[in-house]
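This report concerns only the one structure given below.
Just so we're clear, the structure is a prediction, and the values are computed from it rather than from any experiment.
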Amino acid sequence: MTPPAHSSDRLIGVLILFASVISEALGQFAFKRGASRGPVTGDGPSIGPFAAIWKNFRWILLGFAGFIVDGLLWSATLFYLDITVAHPLGSIVFVVVALFSRFFLREHLSPRRWIGIGCILIGATVVAFN
Amino acid sequence: MLSYESPPATAAAARTPLRVWIGLTIAVVLDVPVQLIWKALMIKYRDPDRGPKYHSADHSISWMFHNHHQGMLAWFVWQQARWFLRELRTWALMSLFACQFFDWIWVLGNADLSFAQPFTALSYVVVSTCAVLFFHEHLSPLRMAGIAAILFGVILVGSSEHKTTDIELPILKEPT
């Protein structure tokens, strides 16, 4: 099956790729929420990881949904875009997950961590382009 | 009333505990067999001799869909699914996915998402190294520079504080 060769396909491919990146970040965010084991109700004791999965199973299900949708959309992306374009663009997931962590999980991202994520973005782009 | 105030972002612990490092190592190491087995499974699926008898390369799914052969389409999809379900590689892959899931939940329970997630970029490095070691692929200088940038970035992220606090998110807070 050869990919379609219209000029608008590149735009469609990039849009699907962004949707795929967002759903992956959503999956990671939901898994993080599902893994929360802190004293979520008052000063109660911390619970184990399996208890956390059981307790937060709605978040875990949302996480699975996010990763499944991500897999489907990524397949669609590869149908519209060459892998040499899709892979470097896909590495923006590191920035998107960092933004999700900052704004939805209230994590503290130090300048050092931002610079590290920037280096990984550049490195992943260079590796994927070759 | 739910309170929407977030706690002050302070560094809880300076040192990253060993359990986080072990969990991250397992995550990166498990990714190699996952990638290799997935690739091998798809190669076998595409092979006319070893793949399913009724193959999507010969029977267009979109043709069946647009010509309203829904029964044929369902039967065809079932043929593909049955082929995958009979493959040992599929089950190996599923087991590895389960291991990855529990390991990742373990890591996320002990560290920030923005701390742990950048480590997954190390699989680029591991896959490149494996390609050079086992398949004798050539490593260009530019690619080497990219790997160096990833490693440097991961070292920077790894040396930052692994956890903000025991974050209490607004939705999880008890009503006061």
Query raised in the report: Which residue pairs pass the side-chain hydrogen bond (donor to acceptor under 3.5 Å, both in side chains) test with at least one member in residues 15-27 of chain A, sequence neighbours excluded?
Result: A:S20-A:D70
Side chain, backbone, both or neither of [X] within contact of chain B (heavy atoms, under 4.5 Å):
{"X": "A:I60", "value": "side chain"}
{"X": "A:I115", "value": "both"}
{"X": "A:A52", "value": "neither"}
{"X": "A:L121", "value": "neither"}
{"X": "A:F64", "value": "side chain"}

Requested in this report: Pull out the residues in residues 102-111 of chain B that come under 4.5 Å of chain A, heavy atom to heavy atom, sorted by number.
Outcome: B:F102, B:W104, B:I105, B:W106, B:L108, B:G109, B:N110, B:A111
Contact check, side chains of [X] and [Y], non-hydrogen atoms, under 4.5 Å:
{"X": "B:H162", "Y": "B:D112", "answer": "no"}
{"X": "A:L62", "Y": "A:F29", "answer": "no"}
{"X": "A:R113", "Y": "B:F115", "answer": "yes"}

Query - Sidechain-backbone polar pair: B:S160 side chain, A:R112 backbone, donor-acceptor under 3.5 Å - result: no
Query raised in the report: Would you say the side-chain atoms of B:T90 pair up with the backbone N or O of B:R86, donor to acceptor, closer than 3.5 Å?
Result: no
Query raised in the report: Which of parallel (below 30°), tilted (30 to 60°) and perpendicular (above 60°) describes A:H87 and A:W74?
Result: perpendicular
Report task. Determine whether the side chains of B:Q80 and B:Y45 contain a donor N or O and an acceptor N or O closer than 3.5 Å. Result -> yes
Query raised in the report: With respect to chain A, which residue among B:S114, B:G146, B:A149 yields the maximal number of heavy-atom pairs within a distance under 4.5 Å?
Result: B:S114
Query raised in the report: Charged N to carboxylate O below 4.0 Å: is that the case for A:R102 and A:E107?
Result: no
